[in-house]
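Data block below; observations after.
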Amino acid sequence: MALLLRFVLLCGVADFTRSLSITTPEQMIEKAKGETAYLPCKFTLGPEDQGPLDIEWLLSPADNQKVDQVIILYSGDKIYDDYYQDLKGRVHFTSTDLKSGDASINVTNLQLSDIGTYQCKVKKAPGVGNKKIQLTVLVKPSGIRCYIDGSEEIGSDFKLKCEPKEGSLPLRYEWQKLSNSQKLPTSWLPEMTSPVISVKNATTEYSGTYSCTVKNRVGSDQCLLRLDVVPPSNRAGTIAGAVIGTLLALVLIGLIIFCCHKKRREEKYEKEVHHDIREDVPPPKSRTSTARSYLGSNHSSLGSMSPSNMEGYSKTQYNQVPSEDFERDPQSVTLPTAKSVV
């Protein structure tokens, strides 16, 4: 008991002798990402505190593996705010006269990396004081998406879903029906505060406009959903139409390919024939000139022979004329010449 009393007296003496004190209590602050956090640190000085005033703010990151970082410093009547790169340009003293007893700071454009314990240290010899503030940065719900998972048909089962793109936990959901005066089914009531509503055996009474609001400690966001429960569609006819349309498209594509292929073959054939005629086949000889030259030579021979042996010779010679020339151009033979000889 005596030891405890002595300890209390020593603490009291210490508090009495250390006149500098920070009047701001330790606290926890929650802010949304992108906002500005005000971290208070107000102090008082005593007559005996005659040394130079030094103010220092430290950050102990939420990641325990990182060491404490000096984020802003006031010393020798100058402010130094470029110690910590992650907060450079985003941390400032709120007072223009720090000697007045206000060492509070603002941290602007908060990021998730700013989460941690901030410590304010004030020193004016012989007095020294410090306080800690826990800062938590939360993300507001945003990018809420409402949609229907399933077919909106009478008698069918589907789900109404509400999904935020981002938002710090815990999140709270609230569904409301905005159109029509009809009451919600009793089976929906337990799910009106959940991200998903399961609809069973849907009826037209469920049709209407719904809203889903998502909240957390720093903000909220909302989305709208239109539900139209309709009679079942003719699925068999739809499927049959799709199949027939696909088959017709395939037939059309096949005809186009066939016609293109056939045209290419004809063009190729014409090119080959034209090439053969121009390069491989020599020009045909004149049939008339060939026959006449042949007969002319034989006529001269007949003129030098006697009439007695002309008949046999002429038969022999005429039988030697190329059949091709006579078959194709029989008019080239001059028969009257033979009769004049006889």
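Of the N and O atoms on the side chains of T209 and R226, at least one donor lies less than 3.5 Å from an acceptor on the other residue. For the residue pair S21 and T44, a side-chain donor N or O sits within less than 3.5 Å of a side-chain acceptor on the partner. For the residue pair S75 / D54, a side-chain donor-acceptor distance below 3.5 Å is found, with atom types taken as modelled. For the residue pair N106 / T94, no side-chain donor-acceptor distance below 3.5 Å is found, with atom types taken as modelled. A donor-acceptor pair shorter than 3.5 Å can be found between the side chains of Q176 and E174. Side chains of Y84 and D81: a donor-acceptor N/O pair is absent below 3.5 angstrom, by distance only. Between the side chains of Q134 and T117, at least one donor N or O sits under 3.5 Å from an acceptor N or O. With hydrogens and angles left out, the side-chain atoms of Y38 and S104 include a donor and acceptor closer than 3.5 Å.
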| field | Derivation and outcome, side-chain hydrogen bond (donor to acceptor under 3.5 Å, both in side chains), residues E163 and Y147 | value | CA-CA 9 Å; E163 295 179 353; Y147 64 97; 2.9 Å; yes
| query | C146 and Y210: side-chain contact (heavy atoms from CB on, under 4.5 Å), yes or no, with the steps? | reply | CA-CA 9 Å; C146 292; Y210 296 83; over 6 Å; no
| Can you check side-chain contact (heavy atoms from CB on, under 4.5 Å) on I22 and C41, steps first, answer last? | CA-CA 7 Å; I22 297 178; C41 181; 4.2 Å; yes
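Between K131 and E26, none of the side-chain N atoms (NZ, or NE/NH1/NH2) sits under 4.0 Å from a carboxylate O, so this pair counts as no salt bridge. Under 4.0 Å is where a charged nitrogen must lie from a carboxylate oxygen, and between K88 and D86 no such pair does. Salt-bridge check for E35 with K140: passed, with a basic side-chain N closer than 4.0 Å to an acidic carboxylate O. Between K31 and D114 no salt bridge is recorded (no basic side-chain N to carboxylate O distance below 4.0 Å). A salt bridge is absent between D221 and K215; no separation between the charged side-chain nitrogens and carboxylate oxygens falls under 4.0 Å.
In this structure, the side chains of S198 and D157 stay at 4.5 Å or more apart for every pair of heavy atoms. You'll find the side chain of Y206 reaches within 4.5 Å of the side chain of V199, heavy atoms only.
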